[in-house]
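First comes the structure, then the notes that go with it.
Only heavy atoms go into these numbers, but all of them, side chains included; no hydrogens, no water, no symmetry mates. All values derive from a computational prediction rather than experimental measurement. Convention: sequence-line order gives letters A, B, ...; per-chain numbering from 1.
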Amino acid sequence: MSWIPFKIGQPKKQIVSKTVERDFEREYDKLQKLEDQTKKLHKDMKKSTEADLGPISTNCYQTKNWTYSASMSKAAVKISADLLSNPLCEQDQAFLDSMTALDTAMRRMDAFNQEKVNQIQKTVVDPLKKYSSVFPSLNMAVKRREQTLQDYKRLQAKVEKYEEKEKTGPVMVKLHQAKEELRPVKDDFEAKNKQLLDEMPKFYQSRIDYFQPSFEALIRAQVVYFTEMYKIFSELTDQIDQAGLTDEQRERETEAKLTELRALSIVADD
Amino acid sequence: MEVPRRLSFPLVLPKPASSARSPLGAAGQTAGSSKDQTGGEKFISEEKTPESGVIVVVEAPPEDGKAARRFSSQDSFSEESSLSEERLEEEARETQRRAEEEEAAAKERAAQRQQLAIQELVESERSYLRLLQLSTVTIRSNLQQQLQPPPAGLDSMFLHIEEVIDVSSRLLSLLDQKQLQSGEPDFLQSLCDSFLSLSSEMEAAYKEYLAHYNHVTEVEKSYKQKEVLWNEVVRVIKAAAPDVNATSLSFFLVMPVQRIARYPLLLQTIQKHTDASHPAYALLEQTAHTSVALNCRINEYKRFREVADKYRKTEMLTIKDKIVRLNTHSIAKKTARLGQQIKHEAGLKPKLVDEEFDALEGFFYVLENGILELLENVEMYLQHLQGFLSCRTEDFDLDMDGEKAPICYKEITTALRQWILPMFEKRMRKLIHQPLCALRDLLVGPRNLIRKRLDKLLDYEVIEGKPNLSYEEQAVANTYRTLNTLLLTELPQFNGLALQMMWSTLGTFSCLHRDLAADMEQLFHSFAQQLPHSSLSPGAFWEWAESSVLEGARRLQHLCRMVEDKLNAPDAQPLSPSSQRRLKQLTDKHGSGKIFQVMSTVVGTRDLDLNLTKGELVAVISEADSRGDRRRWLVDAGGKRGYAAASKLIRYHQPTDDPPPSPHPNLTEDVTARRRHSYSPAGNAPLPMSQPCFQVVGAYDFTARSKHEVSFRAGEPVRILEPHDKRGSPEWSLVEVRGGQRGYVPSNYLAIMPVGAGLPPNPGFFL
């Protein structure tokens, strides 16, 4: 049962018109770019929420060992929590009061942040993830089309080869066979091609309606969060900070205190 | 002291007073210049023994005395020649007059000496200031310019000298302001007033300078070791100050050290020459006391500083250094301390308890801990902020240019990352992180001193009870007391200040967050109003957002399934006739929903498993095997039943439309099998017999290998008798070739082609 090997040649006949091929390339390029961008955005969003609040998967409040300091929010909570547990608070009631206020503020901030991140997760990160999960099957479809196209080309070349030959009995048989083989492949390719050319722009277009709510939600969530944060920290600042100092004044004040400290003999000033 | 014995002083009181300016000025000048010289000598000797500066100063007054003596001796000659004969008569008068004269002269001399002393104080202050300025301005800049590169640590040598110069020049300017002559009685008063008013500033300035002076000598020593450099330095100094015989920098820099010690002496001299009835006497006395106290305090401060300097630094020693440093003394010391500590721990000896100190120490440690923790957390916070900043979330391109929301988001995030957060970070670093770092660095000194105090305490405890102490033991006790006092006085200040700093840092932290939130809120709010759904209330908005996200997800899922089903399905190839038949059979039996296609060839490995080929159709009878394993399905493969792996099966979607039109619609589509290797003419397919438009021909040459087989050539028409062999295998077909020979041939060597396709039909072999 040997099989006579023959070379895969390129068919002379243009089987896919240049315009179609160009359209296809363009649409597919757009999709690939979209895929890259979606993935990138998803990754960045995830990373930034993690830097903001910490890994989403392990909810820090529920685990017994608080994995603090895994994010900005947690580090901020840790600042106040550590201070509150410091024995300094036992010695100074005013200090204790300040630290309690600070800690309450931090925890409230963290809770609001948690809520914000949850909303963003639900309305932005998850949809992004879902959106990027469509690309593999699309890519696979494109790959299949490409395979079919190759088959098609190969069989077309074969048919052409036999058509050029002298029409003897065996050649006729083989030509017939080749044509028989070609037909379903050709149909298959054309169906796939048509469908992809149809689906790709539709899918590309769908991104607008798909992402629109995400971006709006992203902005709205932040508005809510920062409004709350502003309230919390205004209260806290009134409570524990000297009001209305400019940065320069603060710097000068710090510098004055440091100078005072350095003037002490017990402090090494170098 | 000897001067008052010379009685013959003329009554020419007004003369020296009126012409006071010229002779006294001259005397003052000569005194001044001679003093410069003596000063110079003294300073040179001073360099060797800086502590003995006091002695020389005392030598100055006799010089003035000499000048005064010269005046009186001249006058006494004329006095002696004018003695009258009437001695007796005159005697009494004379004695009285003499006594009066004497008294007056004594007063005069005292006044003169007082004036001279005052003069000296003022003049020496002037020349002192001049030399200081010379050294700091001319010599310093010359050294910097002429020596390339400027010697290391030059600036540190002149560190606190500016304050000293300042205080000295202020003292002088205060005196000058009054525009009083040194002879007037008010002058003394104003001198004392000026001195007293400046005493605290003087103390502050000289205190630092003196504490720093050790460093100056060290630096100079280091210069001296480099001969070339030192020669250059000396040359510069000599060129800049040719009038004084200065040969080193410390010639000038030691001056404040001597000067501050000289004030009490000068003031005491004035006091000695001042009558107790002088209006400013009390003030003068107070001033003298102040100057003495000033010196004491400065000394005390210096001592504290020295002790503190010695112990507060962390020594960075390698193990080698430490071993080198070991000696019997240090070992004995350490062992004694350890022994003492063990005795404490074991309760053999009571500890020397200082509750005040312990409280301070405890507070310090708590504070230290708090500061370090805070700093660590702030650093962590900043690190995460960095991480947050590094996420370039605005840097995407979904090609949604026409849409409001993504544009807003991009603009917001850009603003956020470009300026709001960097600004926040900068402020955090500047106002919180840096002060905390500085504070942390300052903790080192007190920590080391507290540790050292414990060591010294242990030493001290051993000798505490002894009635009389050796010199060394005295030193140990002193060190302990100094350290203890130092810590007791300064640690509360330190603690208080550090706590305040920490507190204000937290206030700043809160304030920075408030500012950040304000900025952010404003930014987000302004953009949020531009959004299409900004009018919705929060509840309604979130409902909308979530539902539209869900809707989007649903559509996406739909699309995904469609793509997978349609495009990724195994090539929806037309079925071979046998498969068609199988399909029909299975559909009839099980219904179209149960039909599955085999995705790849399966070889059964377990009991009751089926061997299935790729593309074969089966009907699923049950989606689990008899033990309930859902990975193995019971299938019907057209008669045979058995198990197949569920993962290899895929639902077969029957083409809803008609099979593609074939050139001969009444023929089943592909009589040739789809796969090239299997020629499987269908048994009940319309045979070429009834439709002579098709002809079976040999596709390739075949040579019989046994008598059961038959040879034929490619293109030769054959007639199929049976499409399988005796055992039913479709791989072989029984055919009749030209000439009536019958035999088996491989089925895949045969092909079917339409009769009208140009094959020269064999007239002798019509079917």
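Considering only heavy atoms from C-beta on, Asp247(A) stays 4.5 Å or farther from Lys430(B) through its side chain. Side-chain contact between Tyr210(A) and Glu551(B) is absent, with no heavy-atom pair separated by less than 4.5 Å. A 4.5 Å side-chain heavy-atom check between Phe95(A) and Met502(B) finds at least one atom pair inside the cut-off.
Within a 6.0 Å radius of CZ in Arg427(B), other residues, nucleotides and ligands contribute more than 12 heavy atoms.
The CZ atom of Arg220(A) sits 16.0 Å away from atom CZ of Phe527(B), with the distance rounded to the nearest 0.5 Å. Interatomic distance, CG of Leu556(B) versus CZ of Phe203(A), reported as 5.5 Å (0.5 Å rounding). In this structure, OG1 in Thr413(B) is found 7.0 Å from CG in Leu218(A), a value given to the nearest 0.5 Å.
Across all their heavy atoms, Val549(B) and Pro127(A) have their closest contact at CG1-CG, 3.4 Å. Between Pro213(A) and Ala545(B), the closest heavy-atom pair is CB-O, 4.4 Å.
Contacts of Leu367(B) with chain A are made by both backbone and side-chain atoms, with heavy-atom separations under 4.5 Å. Interface residue Ala94(A): backbone and side-chain heavy atoms are both found under 4.5 Å from chain B. Looking at Thr38(A), both its backbone and its side chain come within 4.5 Å of chain B, counting heavy atoms on both sides. With a 4.5 angstrom heavy-atom cutoff, Lys47(A) touches chain B via backbone and side-chain atoms both.
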